[in-house]
> 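Okay, here's the structure, questions in a sec.
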Amino acid sequence: MTEKDSCITHIIFDVDGTLLDTESLYEVAYRKIAEKFGKEFKDEYLPMLAGQLGDVVRQNLIDLFELPLSLEEIKCVLRSMMEEKLYDSNFMPGAEKLVKHFAAHGIPMAIATSSTPDEMELKTKRHDKKCLFQYFTHMVCGVGDPDVKRGKPEPDIFLVCASRFPGKPDPKNVLVFEDSVAGKTAALAAGMKCVMTPNPHFDKKLTEDATLVIDTLDYFKPEKFGLPPLKD
């Protein structure tokens with residue numbers, strides 16, 4: 001893609017595994033749950049558990065490992081395992097620098113996450129994360145927002161998020177940053193471009209239709225999308 005091929009005016013970020021290093025924490029928890037019940041966790045399960053709404057993830061865990069737990073029971077198990085870890089989660093490589101770069105150039109940014117508002121409050125409670133999230137004009141959560149009828153991989157959350165920018169940009173002018181297959185599929189279905197930073201264990205066939213796939217946000221070149229280049 002060259003600069004003339006794109007006219008990006010607005011940015012939407014996913015959170016888990018894109019801005020914050022939380023997906024790796026969830027993965028550890030999923031593996032521990034599988035091990036507790038004598039099951040084997042395989043890397044091929046990861047795309048089914050990343051980027052989805054909480055109840056979808058929990059039901060997938062129950063089905064994959066034939067767990068003798070209800071949705072509410074596994075929710076309680078995960079909450080007890082994750083609460084402190086989510087508070088202490090760090091930024092993904094390149095995330096802080098890229099967000100501040102876009103903010104310095106006045107590029108509107110928003111959040112579209114499958115997390116609940118309560119989960120986002122926990123994940124952004126630490127001071128340095130609060131400072132970073134101040135640069136976003138708004139945040140749309142996949143749970144609790146009356147306008148988001150369906151979770152990722154459906155496009156609803158990204159269309160709703162884009163519609164809440166002042167001026168309501170055309171989806172073709174919106175660039176989404178995602179790490180999950182569900183999120184990538186949702187962004188493309190919304191008519192937006194999508195930069196993926198996927199888990200290295202994902203099958204490459206699951207990511208090949210993304211607009212761009214990079215290892216981390218450190219490798220993103222804004223000028224390829226008609227955006228101001230990063231300074232060295």
> Quick check: does any side chain N or O of Thr137 sit under 3.5 Å from a backbone N or O of Met109, one acting as donor and the other as acceptor?
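Yes; at least one donor-acceptor contact below 3.5 Å.
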> Take Arg164 and Asp145, measure what salt bridge (Lys or Arg N to Asp or Glu O under 4.0 Å) needs, and give me the verdict at the end.
CA-CA 13 Å; Arg164 292 180 184 172; Asp145 192 303; 2.7 Å; yes
> Would you find a donor on one side and an acceptor on the other, under 3.5 Å apart, between the side chain of Lys152 and the backbone of Gly142?
no
> If you compare all heavy atoms of Asp88 against all heavy atoms of Arg126, which two are closest, and at what distance to 0.1 Å?
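Closest heavy-atom pair between Asp88 and Arg126: O-NH1, 3.0 Å.
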> Would the distance check show the side chain of Lys39 and the main-chain N or O of Lys36 forming a donor-acceptor pair, the cut-off being under 3.5 Å?
no
> Less than 6.0 angstrom separating the ring centers of Tyr30 and Phe65, yes or no?
no
> With a cut-off of 6.0 Å (strictly less than), are more than 12 heavy atoms of other residues, nucleotides or ligands near CZ of Phe37?
yes
> Give the C-alpha distance, both sets of side-chain angles, the deciding distance and a yes or no for salt bridge (Lys or Arg N to Asp or Glu O under 4.0 Å) between Glu121 and Lys125.
CA-CA 6 Å; Glu121 175 65 24; Lys125 195 172 182 179; 5.9 Å; no
> Distance check, rounded to the nearest 0.5 Å: Met82 atom CE versus Leu25 atom CG?
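So the CE of Met82 and the CG of Leu25 are separated by 5.0 Å.
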> Within the side chain of Lys85, is there an N or O that forms a donor-acceptor pair under 3.5 Å with the backbone of Tyr26?
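Here the side-chain-to-backbone pair does not exist.
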> Evaluate the criterion side chain to side chain contact (heavy atoms under 4.5 Å, CB included) for residue pair Glu73 and Leu67; output intermediate values, then yes/no.
CA-CA 10 Å; Glu73 286 171 334; Leu67 302 179; over 6 Å; no
> Do Phe220 and Val174 land in one hydrophobic cluster if side-chain heavy atoms of ILVMFWY residues count as linked below 4.5 Å?
no
> Tell me which one of Thr197, Thr207, Thr18 satisfies side-chain hydrogen bond (donor to acceptor under 3.5 Å, both in side chains) with Asp179.
Thr18
> Give the C-alpha distance, both sets of side-chain angles, the deciding distance and a yes or no for side chain to side chain contact (heavy atoms under 4.5 Å, CB included) between Thr22 and Val15.
CA-CA 8 Å; Thr22 50; Val15 175; 5.5 Å; no
> If two hydrophobic side chains count as joined below 4.5 Å and joins carry through other members, does Leu212 share a cluster with Met192?
no
> If hydrophobic clusters are built from ILVMFWY residues whose side chains come within less than 4.5 Å, do Ile11 and Leu19 share one?
yes
> When you look at Ser115 and Asp16, which way does the side-chain hydrogen bond (donor to acceptor under 3.5 Å, both in side chains) test go after all the steps?
CA-CA 8 Å; Ser115 299; Asp16 294 298; 2.9 Å; yes
> Is there a donor-acceptor contact under 3.5 Å from the side chain of His138 to the main chain of Cys161?
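Answer holds: yes.
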> Considering residues, nucleotides and ligands other than Glu44, do more than 12 of their heavy atoms fall under 6.0 Å from its CD?
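Buried by this count: over 12 neighbours within 6.0 Å.
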> In sequence, state the C-alpha distance, the side-chain angles, and the governing distance for Ile33 and Leu78, and then conclude on side chain to side chain contact (heavy atoms under 4.5 Å, CB included).
CA-CA 9 Å; Ile33 290 173; Leu78 282 169; 3.6 Å; yes
> Show the numbers, then the answer: is there a salt bridge (Lys or Arg N to Asp or Glu O under 4.0 Å) between Arg150 and Asp156?
CA-CA 6 Å; Arg150 303 169 298 174; Asp156 302 34; 2.9 Å; yes
> Do Met92 and Phe202 belong together in a cluster built from hydrophobic side chains that touch within less than 4.5 Å?
no
> Out of the candidates Phe91, Tyr135, Phe158, Phe177, only one should pair with Phe13 under the ring pair (Phe, Tyr, Trp, His ring centres under 6.0 Å) rule; please name it.
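Looking at Phe91, Tyr135, Phe158, Phe177, the match for Phe13 under the ring pair (Phe, Tyr, Trp, His ring centres under 6.0 Å) is Phe177.
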> Give a yes or no on this: more than 12 heavy atoms of other residues, nucleotides or ligands lie within 6.0 Å of atom CD of Glu35.
no
> Kindly say whether Ser89 contributes a backbone atom to a donor-acceptor pair with the side chain of Lys129 at under 3.5 angstrom?
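Yes; judged by distance alone, with no hydrogens or angles, the pair exists.
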> Hey, could you give me the NZ/CD1 distance between Lys172 and Ile8, rounded to the nearest 0.5 Å?
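Lys172 NZ to Ile8 CD1: 11.0 Å, rounded to 0.5 Å.
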> Can you list the steps and then say if Cys141 with Thr113 is a side chain to side chain contact (heavy atoms under 4.5 Å, CB included)?
CA-CA 5 Å; Cys141 293; Thr113 175; 4.0 Å; yes
> If you compare all heavy atoms of Asp55 against all heavy atoms of Leu71, which two are closest, and at what distance to 0.1 Å?
O-CD2, 3.8 Å
> For Asp21 and Asn90, indicate whether the former's side chain and the latter's backbone hold a donor-acceptor pair under 3.5 Å.
no
> Verify, without hydrogens or angle tests, whether Asn60 (side chain) and Leu49 (backbone) share a donor-acceptor contact under 3.5 angstrom.
no
> Are Leu20 and Ile111 linked, directly or through intermediate hydrophobic residues, by side-chain heavy-atom contacts shorter than 4.5 Å (ILVMFWY only)?
yes
> Say whether, by atom type as modelled, one donor and one acceptor occur between the side chain of His101 and the main chain of Pro228 under 3.5 angstrom.
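Yes.
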> Any side-chain heavy atom of Met139 sitting closer than 4.5 Å to one from Phe133?
no
